Amino acid sequence: MNSFSLKEKMKFSLLLLLLSVNFVAFNQSTEKCASHKAILYQETLTPGYKELVNTEFEIAKSALRPKANDLYTIPVVVHIVYNTANQNIADSVILNQITVLNNDYQRMNEDTVNMRADFDIVKGDPNIQFVLAQIDPAGNTTTGITRTATSSATFGSINFLLGDFSDLEKVKSTADGGSDPWDQSRYLNIWVCNMEVFNTPALLGYATPPTGLPNWPPGSNLGLSDGVVIQYQAFGANNPNTLDLGQGALTVKGRTLSHEVGHYLGLRHIWGDGNCAEEDGIDDTPNADAQSNQDCDATKNSCVDNIYGVDLPDMIENFMDYSDETCQNSFTQGQVDLMRGVLENQRIDLIQNNPASLEEMQFEASIYPNPTSSELKVKVKTGDVDELLLLDATGKHVNSHPIKNATTLISLIDLEGGIYFIHFLKNGKRQSVQKVMKL
Ligand SMILES: [Ca+2]
Ligand SMILES: [Ca+2]
Ligand SMILES: [Ca+2]
């Protein structure tokens with residue numbers, strides 16, 4: 001929650017205006033999400049990009065599958081690119097962020113009860129699950145997390161403030177001090193880094209909407225590398241770093257990523273990046289004449305709309321608004337249909353026959369308790385698996401356990417805390433991999 005009242009903020013801004021016009025100009029340029037700016041940037045690189053995005057909306061909407069509501073699983077790789085120890089955020093923050101994302105995308109977030117009843121007629125459950133990748137592009141076991149030390153103090157720059165993303169994009173390139181993406185058709189790549197300009201975050205995040213449609217000229221360079229980038233203090237709900245855009249600490253609940261993944265799966269800002277004449281292309285989201293101002297103002301009904309016969313108020317509860325993270329808690333069914341349509345079409349490689357994620361075992365097995373500080377019990381039918389291997393987070397072999405009984409005990413007592421993997425083998429061939437956590 002912003003600790004300044006609006007009146008105080010205005011006073012504060014006026015004071016800054018007197019002190020330095022330039023500073024105010026840069027201060028005001030902090031963007032909660034720069035995805036619309038990214039579309040404009042791509043339009044300058046490749047004229048026609050905006051139209052492409054619009055076309056994708058139409059294709060995604062028309063290609064919807066009627067209500068087969070299977071749980072879709074997206075493998076994720078998180079690239080931590082850090083210049084200071086604070087930026088090298090802990091595994092526990094990353095795991096927390098993935099949990100937030102899963103709750104928000106399966107409507108399991110506890111604060112759905114705060115959604116006003118007005119929106120009961122439009123609320124939706126995406127039923128999408130995100131897992132840290134278990135297998136990397138080379139076929140090796142992975143935590144789904146990469147860590148890269150960089151000499152770049154920040155990827156933010158004056159160029160970005162002027163609308164040029166090329167400095168930010170360096171985070172996606174090992175040669176430029178960042179971390180190369182993993183196969184972008186099979187992994188959702190998320191980069192977490194510093195994007196400050198003059199010690200204030202220039203933006204909290206940005207994402208690329210889906211690409212690769214038949215009407216796109218072959219070989220065209222879209223300019224932006226596919227995935228999501230998040231400012232490091234805005235990642236996870238248990239992040240020890242303070243997020244301050246120049247006007248006091250903001251509450252961080254991990255919703256910046258929920259918002260950016262919405263863009264990645266084809267959603268636009270709920271107010272359509274414009275006044276009441278511009279909307280987001282989704283029929284059941286109420287239009288608004290502008291974005292929320294990082295607050296929870298529930299009094300507004302800025303555009304007249306007709307959604308199932310109702311003129312709904314502005315939906316500050318929507319993840320695709322710029323409202324405060326504490327009041328974001330919902331998607332609409334129209335948004336859900338679009339995201340699932342994108343997953344069934346433009347981004348189908350994420351969910352179909354994807355070897356990046358082996359969490360679905362072809363045999364019955366259970367591991368408990370997980371996480372644990374002491375001992376794991378692994379239950380499996382002896383005919384399905386004949387050996388278990390324990391590997392550490394770097395893929396190093398820790399020990400082996402031939403399967404003799406239905407339950408195999410694996411002691412973690414002497415191991416350091418962190419992520420480990422259990423490989424299930426039969427005749428020396430890997431059948432599955434499961435991630436476990438030593439507390
Ligand atoms: Ca609008
Ligand atoms: Ca709408
Ligand atoms: Ca309205």
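Note that ligands are numbered from 1 as they come in the structure, with each ligand's atoms numbered from 1 the same way. In this text, all values refer to a predicted model and were calculated from it rather than measured experimentally.
- Between Arg255 and Asp104 there is a salt bridge, with a side-chain nitrogen of the basic residue lying less than 4.0 Å from a carboxylate oxygen of the acidic one.
- The closest side-chain heavy-atom distance from Phe130 to Thr73 is not below 4.5 Å.
- The set of protein atoms (N, O or S) found at less than 3.0 Å from the Ca ion (ligand 2) reads Asp280 OD1, Ile282 O, Thr285 O, Thr285 OG1, by chain and number.
- Here Phe165 and Tyr206 bring their ring centres to under 6.0 angstrom of each other.
- Between Thr141 and His423, the side chains place a donor N or O and an acceptor N or O closer than 3.5 Å (distance only, hydrogens not considered).
- Here the side chain of Asp305 pairs a donor or acceptor atom with the backbone of Leu312 at under 3.5 angstrom.
- Rounding to the nearest 10°, we obtain 90° for the angle at the Ca ion (ligand 3) between Cys303 O and Asn301 OD1.
- The atom of Glu278 nearest to the Ca ion (ligand 1) is O, with the search restricted to N, O or S atoms.
- Side chain to side chain, Asn293 and Asp295 fail the donor-acceptor criterion of an N or O pair below 3.5 Å.
- At least one N, O or S atom of Leu312, from either the backbone or the side chain, sits less than 3.0 Å from the Ca ion (ligand 3).
- When distances to the Ca ion (ligand 1) are checked against a cut-off of 3.0 Å, Ala290 contributes no N, O or S atom below that limit.
- Lys123 is listed as a side-chain neighbour of Arg107, based on a closest heavy-atom distance under 4.5 Å.
- If you check the side chains of Asn127 and Asp125, you find no donor sitting under 3.5 Å from an acceptor.
- Ion pairing between a basic and an acidic side chain is recognised when a charged N comes within 4.0 Å of a carboxylate O; Arg147 and Asp91 show such pairing.
- The Ca ion (ligand 1) has Ala288 among its coordinating residues (N/O/S atom, backbone or side chain, under 3.0 Å).
- A salt bridge links Arg347 with Asp226: the closest approach of a Lys/Arg side-chain nitrogen to an acidic carboxylate oxygen falls below 4.0 angstrom.
- Taking 3.0 Å as the threshold, Asp314 does not count as a candidate ligand of the Ca ion (ligand 3), since none of its N, O or S atoms lies below it.
- The name of the N, O or S atom in Asp311 nearest to the Ca ion (ligand 3) is OD1.
- With the Ca ion (ligand 1) as vertex, Trp271 O and Asn275 O subtend 140°, rounded to 10°.
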